[in-house]
Amino acid sequence: MGEVMEVTGVLQSVSDLPVQDPPGEEFSAADLRWVKYASSEHHCDDVALIPYDRMEAFISGECNNPEYPTRFHIERGRKRERGTLKEVRSDDYLLYRMYWCSFGPENYGEGGTILPSRRYRLNTRNRAARPQSMRGCTCHFAIKRLYARPSLALIIYHERRHVNKSGFVCHGPLDRDAIGPGARKVPYVGSEIQQQTMSLIYLGVPEENILQTHIEGIQRYCGSDAKVDNLASQYVHKLGMIIKRSTHELDLDDQASIRMWVDRNKKSVFFHQDSTETDAFVLGIQTEWQLQQMIRFGHQNILASHSSFGVSKLKYPLHTILVFDSRQQALPVAWVITRSVTKHDTSRWMQALTSRIHSVDSNWRIGGFIIDDPTSELDPIRNVFSCPILFSLWHIRRTWLKNIIKKCSNTEVQREIFTKLGKFMYSIWSEKNPMDILEQLFQDFVDQTTFIQYFKSFWVPKLEMWIDTIRNLPLASQESCGAIEGYHLKLKLKAYDDSQLDALQRVDWLVHKLTTELHSGYWLNLYADESGSFPEVKAEYIASTSWQRALHIPDEAVLFDEKEPLSAKVASQKDASLMQTVWNAGSEFSLCSCSWSMQGNLCKHVIKVNMMYAPRKDFQPSLSFQSFQRVLLDLWQKPLDDSFSLDLSVAWVMQMQERIQKVAELAASDGIAQVAGKLPIQWANKRGRRTAIRRTSPMRFLPHSNGSVQRDLTPKRNRKRRRLSNFSG
């Protein structure tokens, strides 16, 4: 596993370690020289010091070990900010993460040593779409980003061998008890290749293409061999048959079937409350992969809620928690199936979800939460996530447009009604009464009886609630609205495109759809995007939202007519002679002549025209920008002259301005180190000497969306650790 440096004693300080930076895109433990190191916190472990920006290269090298191919997951992590330690030791950390081989630490084998499937034939009649792969591997290491030297990372290898507690090799080509015949020559099919093969099967890819991809995956760890290819073919065929024979009905009774599924998939369930006379049914689902993505993309970022899907068709509506990945695509990281929207039930499942995340990363927190339903309870979000709340208009825009197109046959009438409704929304922040515009709409289109009756009966009773929510909460941007709508369309396609339409009233069928087809689709999309293995899947994934498709339209394809300033034409990229017309340009309530827009969707032509329309003098700011202006004005409302309230309002505005400047600077820089290096040094007197510390960030004192000031959550000094350090000398 690598050459260990021969030393006569054990090092007591990290400062004596040399910095190693092996060449190449990735490197492993075999490329480093290891030194024994011990402290009051650590036993005598092998350590090495590398540049912090090479951390991912080291992890990739360890994963691609030909003898023990695997992946390392974050078992737990901690984080602290600069300036929180008064006494700094050489091995104190800014960021601490423990990485564990994905074949451990748990062992699902019989008696904790041998998997049951290793001694007798698998029962293929039972539903076992994904064989358990955790074998009790004890290989794990920790990485510390040093507090005193943030540009360096200390690797602490606690166990470098891929063995179980009995000391036997438990995975890889050296594992004599691996699953299947001839396993001594065939490496174990890891969880990544296994999930990739399952995803392709669920998505309906032909078996010949799946087999070719599967063989390419396992040949990374062993050479091309006819016997290997034959065993791989048997594996793919067997896995395909298991998936095809699997069914969502574990029991004829739906409630009993769900209980059985929960018992079999405890690691994918973060909350379950059975239906009783006093309690409503609640089922919270989150796979291990979704948990990792929520930690990865949700920290200091925005979560979104896609609520009340299937409220009229499904037995219980579906509530989805979304994160936005590196391409700002909406990624489902948790599903909650329930009809209950009470504050009590919402608080319980939200608390269970965050508790599961904090068990892995105690410092995880989000920057904002987007809701799309004005009836949503806000107190549980504020209490559990402690973050600002935003409101998305994607649902109301889509519903209005779909019903206008469905109930009004004349294209010009559709355009005029949608434009009027847009003016109604824009007038919420003006001095005009929005209801006056609505009354004018009813008078102008009195002949459109079908739509007017629908709007009066369904929307007018709710409008006051919607207007209050829009006025009281900041609005989400058009890009996030488009991403949420993109997820909605994928979910609708998977849920309703099924021959077993009578299964819509069964919860086990919905759970099966979510955890197999939908989950596999998003796993493969993200895997293709990050690995480049499936170019066609990656291209389709990137272009899955209207915002991303709009970015590929060149500026020259958009033509404005000076005679009609509120309309524009967009040339097609496939056929230059085909032009699409966008009316009411510059507004979120624009309407396009393309077929995608005529289905009620937010199309790429509308987004592109709005992008091009922004520099024009007659451009009206977007609804999200107007709500942002309203928030700033509310903070800076002039109170009594020379009062304390004026000082507090000005302080809040200046803190928000500084935060926005730092975020913009970070987005434009090469890394956080470049921004951190520009922070001013604040000198503090401590025990008769001066110590340089960084200025405390004003971000932790910003007011919450409920008006309360966020308290300082800086971790306090651990006095017990200080007493232990005194004994080490």
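Owing to the predicted nature of the structure, the values given are computational and were not obtained by experimental measurement. These numbers come from the heavy atoms of this one structure, side chains and all, not from hydrogens, waters or symmetry mates.
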Judged by atom type as modelled, is there a donor-acceptor pair below 3.5 Å linking the side chain of [X] to the main-chain atoms of [Y]?
| X | Y | answer |
| --- | --- | --- |
| E485 | W394 | no |
| T399 | I396 | no |
| Q580 | C594 | yes |
| Q453 | T450 | no |
| N525 | G521 | yes |
| R356 | V269 | no |
| S480 | A476 | no |
| N584 | F589 | yes |
| T354 | M350 | yes |
| K569 | T581 | no |

How long is the span from the [atom1] atom in [X] to the [atom2] atom in [Y], to the nearest 0.5 Å?
| X | Y | atom1 | atom2 | answer |
| --- | --- | --- | --- | --- |
| K313 | L510 | NZ | CG | 13.5 Å |
| L514 | L491 | CG | CG | 7.0 Å |
| L401 | Q599 | CG | CD | 10.5 Å |
| S392 | L473 | OG | CG | 11.5 Å |
| H299 | M294 | NE2 | CE | 12.5 Å |
| I357 | Q292 | CD1 | CD | 10.5 Å |

Begin with the C-alpha distance, continue with both residues' side-chain angles, and end with the deciding distance and a verdict on ring pair (Phe, Tyr, Trp, His ring centres under 6.0 Å) for F309 and Y487.
CA-CA 11 Å; F309 176 81; Y487 167 75; 8.1 Å; no
NZ or CZ of K456 within 45° of F442 ring axis and under 6.0 Å
yes
For [X] and [Y], work out which heavy atoms get closest and say how close.
| X | Y | result |
| --- | --- | --- |
| I553 | V570 | CG2-CG1, 4.2 Å |
| K494 | K513 | O-NZ, 3.4 Å |
| S627 | L475 | OG-N, 3.0 Å |
| A585 | N610 | C-OD1, 4.1 Å |
| F560 | S567 | CD2-O, 4.2 Å |
| T469 | P374 | OG1-CB, 3.3 Å |

Short side-chain donor-acceptor distance under 3.5 Å, [Y] and [X]:
| X | Y | value |
| --- | --- | --- |
| Q300 | R365 | no |
| S340 | T338 | no |
| T346 | E377 | no |
| H306 | H319 | no |
| Q440 | D436 | no |
| S307 | S305 | no |
| N601 | R398 | yes |

Quick one: does [X]'s side chain get under 4.5 Å of [Y]'s, heavy atoms only?
| X | Y | result |
| --- | --- | --- |
| F297 | Q328 | no |
| D468 | M465 | no |
| I417 | F451 | yes |
| Y522 | P332 | yes |
| V606 | E588 | no |
| T419 | L591 | no |
| L322 | L303 | no |
| L421 | I437 | no |

Ring pair (Phe, Tyr, Trp, His ring centres under 6.0 Å) test vs W400 passes for just one of W459, F458, Y454, F418, namely W459
How about [X]: does its [atom1] atom have over 12 heavy atoms from other parts shown lying under 6.0 Å from it?
| X | atom1 | result |
| --- | --- | --- |
| K423 | NZ | no |
| H358 | NE2 | yes |
| Q573 | CD | yes |

Test F271 against I285 for side-chain contact (heavy atoms from CB on, under 4.5 Å), laying out the working first.
CA-CA 7 Å; F271 187 82; I285 303 172; over 6 Å; no
Only counting residues at least two apart or in another chain, list the ones meeting ring pair (Phe, Tyr, Trp, His ring centres under 6.0 Å) with Y541.
none
Show your reasoning for whether side-chain contact (heavy atoms from CB on, under 4.5 Å) applies to V558 and V609.
CA-CA 7 Å; V558 181; V609 168; 4.2 Å; yes
How far apart are the C-alpha atoms of F455 and N403, what are their side-chain angles, what is the distance that settles it, and do they pass the side-chain contact (heavy atoms from CB on, under 4.5 Å) test?
CA-CA 9 Å; F455 198 90; N403 281 277; over 6 Å; no
Hey, is R327 close enough to D529 for a salt bridge, meaning N to O under 4.0 Å?
yes
Thinking salt bridges, do R296 and D325 make one under a 4.0 Å N-O criterion?
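Salt bridge flag = no for D325 with R296.
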Please assess Q448 against N410 for the test side-chain contact (heavy atoms from CB on, under 4.5 Å), listing each intermediate value before the final yes or no.
CA-CA 10 Å; Q448 303 296 322; N410 189 288; 5.6 Å; no
Does F270 have its ring centroid less than 6.0 Å away from the ring centroid of W335?
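Distance test on ring centres: not under 6.0 Å, no.
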